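Since the structure is predicted, the reported quantities are computational estimates derived from the model, not experimental observations.
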Amino acid sequence: MELRFESRGSGSPWVDTVWTCASGQVAQMTSVAGVRWGLLFWQQDGRAYAGVTGPETRTNTAPVPMGASFVGIEFAVGTSLRAVPTAGLVDGGILLPDATSRTFRLDGARWETPGPDDAEALVARLVRAGIVVRDSLVAEVLRGGDPAVSERTVERRFRAATGLTRGAVRQIERARTAAELLAGGDPAADVVAKLDYFDEPHLARALRAYVGRTAGQLRAGGSGAIALDVVSA
């Protein structure tokens with residue numbers, strides 16, 4: 001049985017995606033590189049858990065709690081937790097203490113555990129409390145602005161806020177988009193042209209490094225569980 005991912009975008013400037021997943025009998029999955037940190041809530045065998053997830057710079061094989069249901073919030077690039085620098089979360093995460101089906105503990109306070117429909121309400125409360133913050137310069141750069149500071153300052157602030165360089169963010173996001181297009185039925189040659197890869201071998205290397213699938217595997221589906229909300233053609 002594959003992982004059953006469902007995701008939606010968000011109208012909140014602080015949130016990129018809200019997703020749900022049921023693991024069934026899946027014990028491991030292919031993780032996919034991603035540029036965002038997040039909050040993750042799951043229940044398994046009547047127990048509740050909560051954690052903070054970090055950006056991932058590469059694909060890997062990751063264990064999955066079997067028979068669990070998950071709700072995840074992926075935050076917009078440039079946001080961060082006041083108490084935990086995003087750089088410290090890269091390729092890792094934190095299990096939050098004392099989680100129940102109703103509440104979890106974060107930054108010294110208890111908060112209501114959200115469902116997929118009230119994720120933004122939780123985030124708004126965290127923002128008002130100053131627990132989730134954002135670097136305004138990074139936000140301006142991401143909107144296409146040209147702040148009146150040196151390129152070195154922009155890169156330093158960007159890395160401090162995201163844990164990644166701007167180049168790494170572009171490469172990972174492009175590979176994820178390529179995977180979605182391929183899984184949706186686009187030919188590899190069209191994806192190369194659409195996303196400005198140099199050639200198909202260049203695309204193949206990016207997929208291998210960041211997604212853990214070949215173009216053919218993405219087109220065909222199967223090949224085991226993967227942490228990506230894609231639907232094969």
Could you tell me the separation between the [atom1] atom of [X] and the [atom2] atom of [Y], rounded to the nearest 0.5 Å?
X    : Y    : atom1 : atom2 : result
K194 : L181 : NZ    : CG    : 5.0 Å
T165 : R170 : OG1   : CZ    : 7.5 Å
R8   : D16  : CZ    : CG    : 11.0 Å
L182 : D190 : CG    : CG    : 9.5 Å
I226 : F5   : CD1   : CZ    : 9.5 Å
I94  : W37  : CD1   : CH2   : 10.0 Å

If hydrophobic clusters are built from ILVMFWY residues whose side chains come within less than 4.5 Å, do [X] and [Y] share one?
X    : Y   : value
V133 : L89 : no
F104 : W19 : no
F70  : I73 : no

Step by step, work out the side chain to side chain contact (heavy atoms under 4.5 Å, CB included) result for R213 and L207.
-> CA-CA 6 Å; R213 291 285 192 275; L207 293 174; 5.9 Å; no
Does [Y] offer a backbone N or O that forms a donor-acceptor pair with the side chain of [X] under 3.5 Å?
X    : Y    : answer
S23  : A68  : yes
R58  : D91  : no
R219 : A188 : no
T162 : G78  : no
T59  : S31  : yes

Passes side chain to side chain contact (heavy atoms under 4.5 Å, CB included), L142 versus V138? Steps please.
-> CA-CA 6 Å; L142 290 168; V138 173; 3.9 Å; yes
Specify the closest pair of heavy atoms between [X] and [Y], including all atoms of both residues, with the distance to one decimal.
X    : Y    : result
T100 : T113 : O-OG1, 3.4 Å
V169 : V35  : CA-CG1, 3.8 Å
W42  : P65  : NE1-CG, 4.0 Å
A119 : V18  : CB-CG2, 3.8 Å
P97  : R105 : O-CB, 3.7 Å
G72  : L40  : CA-CD1, 4.3 Å

Could you check whether any side-chain heavy atom of [X] comes within less than 4.5 Å of a side-chain heavy atom of [Y], counting everything from C-beta outward?
X    : Y    : result
L96  : W111 : no
V123 : V127 : yes
V154 : E140 : no
D135 : F158 : no
S7   : E74  : no
L39  : V52  : yes

Flag yes if more than 12 heavy atoms outside [X] fall under 6.0 Å of its [atom1] atom; otherwise flag no.
X    : atom1 : answer
E112 : CD    : no
R82  : CZ    : yes
D146 : CG    : no
Q44  : CD    : yes

For the pair D107 and L81, evaluate side chain to side chain contact (heavy atoms under 4.5 Å, CB included) and give the outcome as yes or no after the intermediate values.
-> CA-CA 9 Å; D107 201 359; L81 280 170; over 6 Å; no
Worked check of side chain to side chain contact (heavy atoms under 4.5 Å, CB included) between V77 and R36 = CA-CA 6 Å; V77 175; R36 296 169 179 82; 3.9 Å; yes
Candidate pair Y210 and Q171, rule side-chain hydrogen bond (donor to acceptor under 3.5 Å, both in side chains), full reasoning | CA-CA 9 Å; Y210 299 126; Q171 291 171 26; 2.8 Å; yes
CA sep, side-chain torsions, deciding dist, call: E120, S10, side-chain hydrogen bond (donor to acceptor under 3.5 Å, both in side chains) | CA-CA 8 Å; E120 284 86 357; S10 175; 2.7 Å; yes
